[in-house]
Amino acid sequence: MISPRMNRRTTILLLALICSTAWAGEPNEIPIHLSFEISPTPLGSFASPTDTRSVVYPVASRRPPFAAAIALVPPIEWLPSPARRTMSGFLGDDRLRGVGGYAERQGGLSEQQKAFLEETKSVFNYLTSNLVQRRPDPNGPECVLLYAMTLEDAKKMAQAYFQYATHEFRMRVVQAESAIRGATESIESTQKRMSEIEKLSETARKSLEEFQKTVPYRTESEAHAAIGELDRMLNAAQVEIAGIAAKTTAIQKYQGERLRKDHRPLPSEAVARLDMMFIEESIALRGAEARRQMATQLREEANRFVDLKSTIANAPGEKATLAQTLHRAQQSLAGGQGNLPALKQEEPKIPNKVVIYPVKWVDEPAQN
């Protein structure tokens with residue numbers, strides 16, 4: 001005789017409760033479609049521990065009625081699991097209260113489920129928690145069990161799980177491809193700079209050979225000494241020019257006043273003296289400006305000499321540094337290009353279906 005309970009299980013198994021749900025993830029993410037099957041055989045029976053210090057107490061005390069079983073089928077590099085300590089990004093770090101993981105932020109979970117995850121992160125992140133990672137089917141693969149307070153939350157947990165794993169994988173591929181592009185660009189820019197340095201160095205050598213025919217110094221120290229002396233000459237010329245300019249201004253003021261009708265006329269001797277002084281100061285001003293111009297020109301030549309010498313002297317060191325940069329970029333490019341194919345082989349496989357188990361809890365406390 002078939003009991004009503006067995007008949008109900010058979011009906012569930014026949015219907016399989018297969019559904020397909022699209023995950024609305026982050027912008028520009030490719031939606032993941034999962035099908036679900038409700039197992040007629042519950043997990044458990046699990047006994048709730050009375051010791052609040054028990055590792056599994058946060059989950060067992062809340063007695064979640066469902067668990068989505070995520071089969072750890074290779075490639076598993078990006079599938080979060082307690083054994084791999086990769087659950088913190090998906091569910092949040094158990095050491096940080098109030099900081100939810102990807103599932104809470106992006107999973108569309110109920111408030112009840114979010115509260116459940118907030119209180120049970122430590123269990124999901126525990127390395128040896130067989131409540132979270134085990135074989136529900138002795139003949140099947142090991143699974144990560146995502147407990148949920150409702151059937152809908154169990155489905156969304158599974159959706160979020162694969163969306164998170166795929167997102168992390170794709171982000172790593174994007175980073176690897178970006179690193180390859182960066183290394184390629186670094187190689188190109190470094191090679192271009194090395195060519196520029198070579199040309200600049202050669203041009204500087206030729207310019208220096210010609211320039212040395214017209215300047216009196218042969219070493220940078222001589223040029224630096226000349227620059228210092230010329231700076232002093234420039235300062236003196238600037239001061240002299242300012243003084244002469246002030247004199248000529250004063251002379252012109254007196255010369256202008258003699259033309260005013262209301263002003264007492266100057267003696268002819270004074271007028272002649274002012275005219276002579278203006279001519280003398282004008283000549284002195286031309287001489288001072290000529291000294292300033294020559295000092296400026298000589299200083300520019302000395303600076304030019306120093307710059308050419310510096311360019312030639314610094315070229316070998318800069319080329320050596322660029323050669324090291326080029327070598328590192330070439331190594332980075334070779335490593336990135338070599339690792340990318342293997343990385344792409346780690347893409348998580350989306351299963352044909354995810355089994356959701358009812359979870360059976362008993363009132364008797366656990367013995368351990």
Side-chain angles (χ1 to χ4, degrees), residues 26-30 75 77-78 86 89 165-235 237-238 292-348:
E26 295 180 347
N28 301 323
E29 286 189 351
I30 300 174
E77 284 76 10
W78 300 93
T86 53
T166 302
H167 174 269
E168 292 297 295
F169 163 76
R170 289 173 180 158
M171 287 295 295
R172 181 65 185 86
V173 170
V174 168
Q175 291 171 359
E177 292 174 339
S178 177
I180 289 174
R181 287 194 299 272
T184 301
E185 292 171 359
S186 177
I187 290 172
E188 293 174 353
S189 63
T190 303
Q191 289 175 331
K192 180 180 179 181
R193 180 57 182 167
M194 291 176 74
S195 177
E196 291 174 349
I197 291 298
E198 188 64 37
K199 292 178 181 178
L200 285 172
S201 179
E202 183 60 27
T203 301
R205 277 194 294 269
K206 291 180 179 179
S207 297
L208 184 62
E209 290 175 1
E210 294 297 320
F211 201 53
Q212 283 180 323
K213 298 175 182 179
T214 62
V215 293
Y217 21 77
R218 293 294 177 266
T219 65
E220 285 185 86
S221 60
E222 291 177 356
H224 280 297
I227 290 171
E229 181 62 29
L230 290 166
D231 281 340
R232 286 189 289 273
M233 292 176 63
L234 278 170
N235 290 335
Q238 294 281 35
R292 181 179 65 178
Q293 291 175 0
M294 180 54 67
T296 300
Q297 178 183 334
L298 292 175
R299 191 184 188 284
E300 290 174 351
E301 290 178 353
N303 280 329
R304 171 73 172 156
F305 180 86
V306 170
D307 289 342
L308 291 172
K309 280 281 192 179
S310 178
T311 298
I312 296 170
N314 293 336
E318 186 171 355
K319 285 193 290 186
T321 301
L322 290 171
Q324 293 176 353
T325 301
L326 179 62
H327 179 66
R328 288 193 296 267
Q330 289 171 333
Q331 285 185 319
S332 177
L333 177 61
Q337 290 176 332
N339 294 333
L340 186 58
L343 174 62
K344 289 185 176 180
Q345 293 300 315
E346 297 175 358
E347 182 174 7

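Please read these numbers as outputs of a predicted model, since none were measured by experiment. Hydrogens, waters and symmetry mates play no part in the numbers below; they use all other heavy atoms, side chains included.
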Worksheet item: Considering all heavy atoms of both residues, which atom of Trp78 and which atom of Glu346 are nearest to each other, and what is their separation?
Response: NE1-OE1, 3.0 Å
Which pairs of donor and acceptor atoms, one on a side chain in residues 308-318, lie under 3.5 Å apart (sequence neighbours left out)?
from	atom 1	to	atom 2	distance (Å)
Ser310	OG	Asn314	ND2	3.0
Thr311	OG1	Asp307	O	2.9
Asn314	ND2	Ser310	O	3.2
Glu318	OE2	Arg193	NE	3.1
Glu318	OE2	Arg193	NH2	3.1

Fill in: Neighbour count above 12 (heavy atom, 6.0 Å) for Arg299 CZ
yes
Worksheet item: Within the distance-only criterion (no hydrogens, no angle test), does the side chain of Thr325 pair as donor or acceptor with the backbone N or O of Thr321 below 3.5 angstrom?
Response: yes
Discussion item. Any salt bridge linking Lys213 with Glu210? Criterion: basic side-chain nitrogen under 4.0 Å from a carboxylate oxygen.
Written reply: yes
Worksheet item: Minimum heavy-atom separation for Ala329 to Ser186, with atom names?
Response: CB-OG, 3.7 Å
Item to complete: Taking the side chain as every heavy atom from C-beta outward, state whether Glu202 and Lys206 have any atom pair closer than 4.5 Å.
Response: yes
Discussion item. Let me confirm one number: the NZ-CZ distance from Lys344 to Arg170, rounded to the nearest 0.5 Å.
Written reply: 12.5 Å
Practice prompt. Provide the closest heavy-atom pair for Met233 versus Ala295 in the form atom of the first, atom of the second, distance.
Written response: CB-CB, 4.4 Å
Discussion item. Is the shortest side-chain heavy-atom distance between Glu301 and Leu298 below 4.5 Å?
Written reply: yes
Fill in: Check ion pair Glu196-Lys199 (N to O, under 4.0 angstrom)
no
Fill in: Value rounded to 0.5 Å, distance of OG in Ser195 from CG in Leu322
11.0 Å
Worksheet item: Can you check whether Arg292's main-chain N or O pairs, donor with acceptor, with Thr296's side chain at less than 3.5 Å?
Response: yes
Item to complete: Specify the closest pair of heavy atoms between Ile180 and Gln337, including all atoms of both residues, with the distance to one decimal.
Response: CD1-N, 3.8 Å
Discussion item. Pairing donors with acceptors under 3.5 angstrom, does anything connect the side chains of Arg205 and Ser201?
Written reply: yes
Worksheet entry | Any His327 side-chain heavy atom under 4.5 Å of Gln331 side chain | yes
Worksheet entry | Thr190 side-chain N/O to Ile187 backbone N/O, donor-acceptor pair under 3.5 Å | no
Discussion item. Run Ser207 and Arg304 through side-chain contact (heavy atoms from CB on, under 4.5 Å) and show every step you take.
Written reply: CA-CA 10 Å; Ser207 297; Arg304 171 73 172 156; 3.9 Å; yes
Worksheet item: Once you round to the nearest 0.5 Å, how far does CD of Glu185 lie from CG of Leu333?
Response: 11.5 Å
Practice prompt. Can you measure from CG (Asn303) to NE2 (His224) and round to the nearest 0.5 angstrom?
Written response: 8.5 Å
Worksheet item: Which distance, rounded to the nearest 0.5 Å, do you find between the CD1 of Ile227 and the CD of Glu300?
Response: 11.0 Å
Worksheet entry | Student check: side-chain heavy atoms of Phe169 and Glu77 closer than 4.5 Å | no
